[in-house]
Amino acid sequence: MLSIKNLHASIDGKEILRGINLEIKAGEVHAIMGPNGSGKSTLSAVLAGRSEYEVTEGEIIYNGINLLELEAEDRAREGIFLAFQYPIEIPGVSNINFLKTAIGEIRAYKGLEPLAAKEFLTLMKEKQKLVEIDKALISRSINEGFSGGEKKRNEIFQMAMLEPKLSILDETDSGLDIDALRIVANGVNKLKSKDNATIVITHYQRLLDYIIPDVVHVLYNGKIVKTGPKELALELEEKGYDFIKEVEEVEA
Amino acid sequence: METAIKTSTIKDKLIFEFETSKLFLFGDTQIRDQAMESFYKQGIPTRNHEEYKYTPISSILKGEFDLSTSKNCNDEQIEPLKFLKEAYNVIIENGIFVEGLSNLENLPKGVTICSLVNAATSNSAVFEKHYAQYADIKTDPFIALNTAMTKDGVFIHIAKNVVIEKPIHIIHIATAFENTIIHPRNLIVVDENAQVKIVESYQTVDSKAKTFSNALTEIVVDNHAIVDHYKIQDENACLPERKELGYLMNTTQVIQKKQSVFSTHTFTLSGALVRNNLTIVLDDEHIESHLNGLYITSGNQVVDNHTVVDHRKPNCNSNELYKGIIDGKSTATFNGKIFVRKDAQKTNAFQSNKNILLSEDGTINTKPQLEIYADDVKCSHGTSTGKLDQEKIFYLQARGIGLTNAKKLLMHAFASEVVNTVKIEALRDYIEGKIAKTFE
């Protein structure tokens with residue numbers, strides 16, 4: 001589904017990603033872990049199509065398409081979803097109108113008829129139950145006055161509504177208490193299928209108790225320095241990131 | 001004779017017209033003479049005039065305007081302008097009240113709606129008491145000019161304790177064969193404990209030439225009265241390709257008495273030049289005033305909102321919110337003065353002006369002015385001007401929404417804070433529709 005080769009990216013002339021290689025197949029969950037400043041959020045931003053980041057080398061092929069040639073909105077229409085680490089508040093735009101517009105544009109892109117109002121409402125109701133988000137939140141403006149947990153839950157709700165093929169959860173666990181974490185993880189798990197894939201970006205191992213990864217990658221200094229099974233996450237938690245840094249320095 | 005007039009300045013033309021027509025105009029000739037004298041002294045303001053720095057009225061009026069007669073509309077042209085289905089419609093065509101085109105059947109008891117001429121000639125005591133008492137001819141040349149030259153307009157009186165549920169919609173229509181200046185004038189008197197909603201709309205219809213409307217409305221809000229006031233300025237909406245023929249100079253002078261509530265909402269959506277002078281005098285205690293405004297400008301439009309909130313007595317609240325979206329080479333100006341007089345202790349006065357600048361060539365001038373002479377007050381003001389937020393645009397794009405729609409959503413969101421203050425649902429829908437069109 002996703003193939004990243006030798007990806008280099010920089011912002012304001014500063015290189016952050018220094019040759020990432022990553023292969024993800026449909027049905028898989030990949031965790032990307034790493035210390036602060038290792039390039040985790042840059043990777044998600046580059047995948048989602050943030051224009052401030054410049055890709056200087058390498059390629060990203062997604063379902064046979066050269067992703068780097070697509071605008072952010074077209075990537076979303078092709079099924080890429082980024083759950084933001086810091087979801088933006090947009091006062092004055094209701095969640096409902098927002099999702100209606102998004103689904104309308106995605107369907108038009110795919111050459112599908114627009115959803116009838118009734119179908120849309122049914123879909124909303126169904127997904128709202130699935131991710132356990134309060135109805136009252138959905139009727140408000142996008143994230144306006146939401147708590148941190150509510151914002152993250154809203155990201156997962158949007159993900160449920162848009163039914164992406166590749167979801168990137170950028171530090172979705174940050175700022176969540178254990179109850180909220182469980183609800184969010186539950187939502188993600190329910191949305192998992194053999195046709196879609198998930199990238200879970202996290203600093204801590206705890207989220208991975210609830211969203212079990214197939215593969216764990218360790219990102220350090222803009223490169224993936226270690227890849228392994230889910231146990232790698234536990235090892236990291238135990239030994240800390242210094243252990244990776246040491247390994248990296250010895251190898252260098 | 002005619003050539004002589006054509007070569008003279010607009011000021012001379014106006015004075016000449018005044019002298020030849022004043023005997024045929026309604027009301028007290030003395031008031032008119034004094035007003036003309038005041039206009040003569042003040043003249044048409046140039047851009048050296050501090051209050052008209054950003055409003056190039058003198059250059060617009062230079063030579064371009066003759067004072068010719070205007071044409072009339074028929075029913076079919078006017079019907080679509082009556083966009084509120086449930087309303088008492090008042091048609092003011094080129095400054096003249098047209099009873100035949102208005103819908104004033106079944107007015108509730110205690111409600112008077114008639115032409116100013118009618119009110120003046122019928123010796124209405126309410127008219128006598130309030131007419132030309134509030135908008136001060138010495139403070140502004142256009143107040144003086146209107147007071148001297150107005151031919152007609154509407155007089156509305158809501159008697160004590162009367163609550164009128166349906167809004168009164170004053171539809172100002174300008175229509176001209178040749179460049180024209182008109183001076184519509186309205187007097188609205190809302191007595192003690194009465195309630196009313198007034199909508200004023202301004203449009204130029206079926207014109208081949210420019211119309212400069214120098215419109216003035218005085219509103220008296222007596223003790224405990226509640227008045228909800230709206231201005232929809234969409235001068236060019238009915239013209240082919242929204243041709244810029246409508247020029248509007250709009251003065252609104254409000255006086256509020258004890259424990260009254262006055263809310264006003266000004267929407268400026270089109271018009272080559274729109275200048276609003278809105279003054280609210282809080283002349284007693286426990287008064288509440290709300291001023292909301294939204295201007296969406298493009299092309300070469302010039303929109304200038306000057307507001308004055310004058311707190312004269314203690315324990316009053318005023319709240320002002322003006323927002324603007326500026327595109328093209330248009331210029332928008334916001335100048336908001338708040339006076340808190342020495343007696344006006346315990347005043348709460350808030351003001352905010354926010355703008356989005358969409359183009360490189362657009363201009364926004366914003367100037368809050370607070371003059372506070374009391375010491376126990378809460379006052380604040382704030383202004384901001386910026387572009388559309390890139391972070392928000394990206395968030396929307398990341399969900400599959402294209403750049404054009406993302407911007408539209410954000411502009412709607414920005415405008416909605418003001419639109420949502422509209423209490424008449426049909427009017428809110430109408431404005432939302434109009435705004436959607438301007439974003440196309």
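This is a predicted model, so every value here is computed, not measured. Within every chain, numbering begins at 1; the chains are lettered A, B, ... in the order of the sequence lines, protein sequences first and strands thereafter.
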Quiz item: How many angstroms lie between atom CD1 of I401(B) and atom CG of L99(A), to the nearest 0.5 angstrom?
Solution: 8.0 Å
Quiz item: For K337(B), does the NZ atom have more than 12 heavy-atom neighbours from other residues, nucleotides or ligands under 6.0 Å away?
Solution: yes
Quiz prompt | Under 4.5 Å from a heavy atom of chain B, the part of I88(A) involved | solution = both
Quiz item: Nearest heavy-atom pair of G400(B) and A76(A): which atoms, and what distance?
Solution: N-CB, 3.2 Å
Self-check item: Interatomic spacing from CZ in F98(A) to CG in L396(B) - rounded to 0.5 Å
Solution: 5.5 Å
Quiz prompt | Non-hydrogen atoms of F394(B) and A72(A) that approach each other most closely | solution = CE1-CB, 3.8 Å
Quiz prompt | Which atoms of I142(A) approach chain B - backbone, side chain, both or neither, heavy atom under 4.5 Å | solution = side chain
Distance-only criterion, 3.5 Å: which donor-acceptor pairs connect chain B and chain A?
residue: E391(B); atom: OE1; partner: R50(A); partner atom: NH2; Å: 3.2
residue: E391(B); atom: OE2; partner: R50(A); partner atom: NH2; Å: 2.9
residue: Y395(B); atom: OH; partner: N143(A); partner atom: ND2; Å: 3.4
residue: Y395(B); atom: OH; partner: E155(A); partner atom: OE2; Å: 2.3
residue: Y395(B); atom: OH; partner: Q158(A); partner atom: NE2; Å: 3.1
residue: Q397(B); atom: NE2; partner: E73(A); partner atom: OE1; Å: 2.8
residue: R399(B); atom: NE; partner: Q158(A); partner atom: OE1; Å: 2.5
residue: R399(B); atom: NH1; partner: L82(A); partner atom: O; Å: 2.9
residue: R399(B); atom: NH2; partner: L82(A); partner atom: O; Å: 2.9
residue: R399(B); atom: NH2; partner: E155(A); partner atom: OE1; Å: 2.7
residue: G400(B); atom: O; partner: R77(A); partner atom: NE; Å: 2.9
residue: G400(B); atom: O; partner: R77(A); partner atom: NH2; Å: 3.2
residue: G402(B); atom: N; partner: E105(A); partner atom: OE1; Å: 2.9
residue: G402(B); atom: N; partner: E105(A); partner atom: OE2; Å: 3.4
residue: L403(B); atom: N; partner: E73(A); partner atom: OE2; Å: 3.4
residue: N405(B); atom: ND2; partner: E105(A); partner atom: OE2; Å: 2.5

Exercise. Using non-hydrogen atoms and a 4.5 Å limit, figure out which bit of P87(A) sits close to chain B: side chain, backbone, both or neither.
Key: both
